[in-house]
Amino acid sequence: MNPVERLFSLEGRNALVTGGTGPLGRVLAETLAAQGANVTVSDRDEAACAEVSGRLTAEYGTRCVPLAADLLQPGGVADLVARLDGPLSILVNNAAFTGTAGIPGYAVPFEEQTDEAFALASTLNLQAPFALARELAPRLRDSGDGSIINVSSIYGLVAPNMGLYEGTVMGNPAAYGATKGGIVQLTRYLATVLSPEIRVNAFAPGGIARGQAEEFTERYEKLTPLGRMATEDDFRGVLAWLASDASRYVTGQTIAVDGGWTVW
Ligand SMILES: NC(=O)c1ccc[n+]([C@@H]2O[C@H](COP(=O)([O-])OP(=O)(O)OC[C@H]3O[C@@H](n4cnc5c(N)ncnc54)[C@H](O)[C@@H]3O)[C@@H](O)[C@H]2O)c1
């Protein structure tokens, strides 16, 4: 291994990825396995976790295991922590309700957004990362190379321009931006209280192309200096960097990975 490969290597390190069977989560889990990490793939569905972890073990030869857990259930975080085996170097807080989550009272016009939906999003998007960081800090600290990576969003950095959604059925709930902005601040908070043993950073993805309405995509792309929506693969690099020693003097930061969408 040359010195730069060594910086990015996660050989012998254990990682946990929440929401690890979702479209972005499985790419993040794969990235860490490709760097040599043993990845625990956690999500709600046991079979999906086993499918992803089995594929990673077969492909990369690291010890990847499934860990089904529902982070919205009372005691869900405690249950996950109790069943997570062994030491831990990397925690990726990726599970969240996005703007397309079909919860009633969530991605609807502002006047129709409910307290119940806001509370659910707060629990999954913000409280679960907080509780996981607190409960797993001792193991991350003991590893000697602890790194927490929180997944924020462009909507944690700026407010939505609702004009983008005109004429579509898409929405952008207040709870999404509030929780994703909360993650940015939680990242700074944790970076200080968990220092110097554990680094804590976030990245803020831009919108990922997933067959959105054509008029939305056109408007969105016009506002993106790099001229296109994101793909899941666009986030491999930032995760590989933040999880590894390649970013060993970086903590408390949120890196926008958005094709320049938030620069103007
Ligand atoms: N899709 C985008 O355009 C976009 C843009 C910016 C940021 N992000 C962020 O990227 C991350 C992943 O996004 P995605 O589009 O892959 O989201 P997704 O909704 O497709 O996947 C999120 C995962 O979280 C899991 N999850 C949901 N409820 C859960 C629960 N109660 N317990 C445990 N896990 C649960 C889901 O099963 C899913 O696998 C999220 O944090 C999201 O906010 C996405």
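All ligand and atom numbering here is 1-based and tracks the order in the structure. Note that the structure is a prediction, hence the values are computed from the model and not measured.
More than 12 heavy-atom neighbours from other residues, nucleotides or ligands sit within 6.0 angstrom of CG on Asp45.
Judged by distance alone, the side chain of Arg199 and the main-chain N or O of Thr251 form no donor-acceptor pair under 3.5 Å. Within the 3.5 Å criterion, the main-chain N or O of Leu71 finds no donor-acceptor partner in the side chain of Gln73.
With sequence neighbours excluded, no residue forms a side-chain hydrogen bond (donor to acceptor under 3.5 Å, both in side chains) with Asn161.
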Please list, one pair per line, the donor and acceptor atoms closer than 3.5 Å that link side chains of residues 165-177 to other protein atoms, with sequence neighbours excluded.
from	atom 1	to	atom 2	distance (Å)
Tyr165	OH	Tyr155	OH	3.2
Tyr165	OH	Asn172	ND2	2.9
Thr168	OG1	Tyr165	O	2.7
Thr168	OG1	Met170	N	3.1

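Ligand 1 is surrounded by Gly19, Thr21, Gly22, Pro23, Leu24, Asp43, Arg44, Ala69, Asp70, Leu71, Leu72, Asn94, Ala95, Ala96, Thr98, Leu124, Val151, Ser152, Ser153, Tyr176, Lys180, Pro205, Gly206, Gly207, Ile208, Arg210, each with at least one heavy atom closer than 4.0 Å.
Judged as a side-chain hydrogen bond (donor to acceptor under 3.5 Å, both in side chains), the pairs with a partner in residues 17-34 (not counting sequence neighbours) are, in order, Thr21-Asp43, Arg26-Glu51, Glu30-Tyr60, Glu30-Arg236, Thr31-Arg236.
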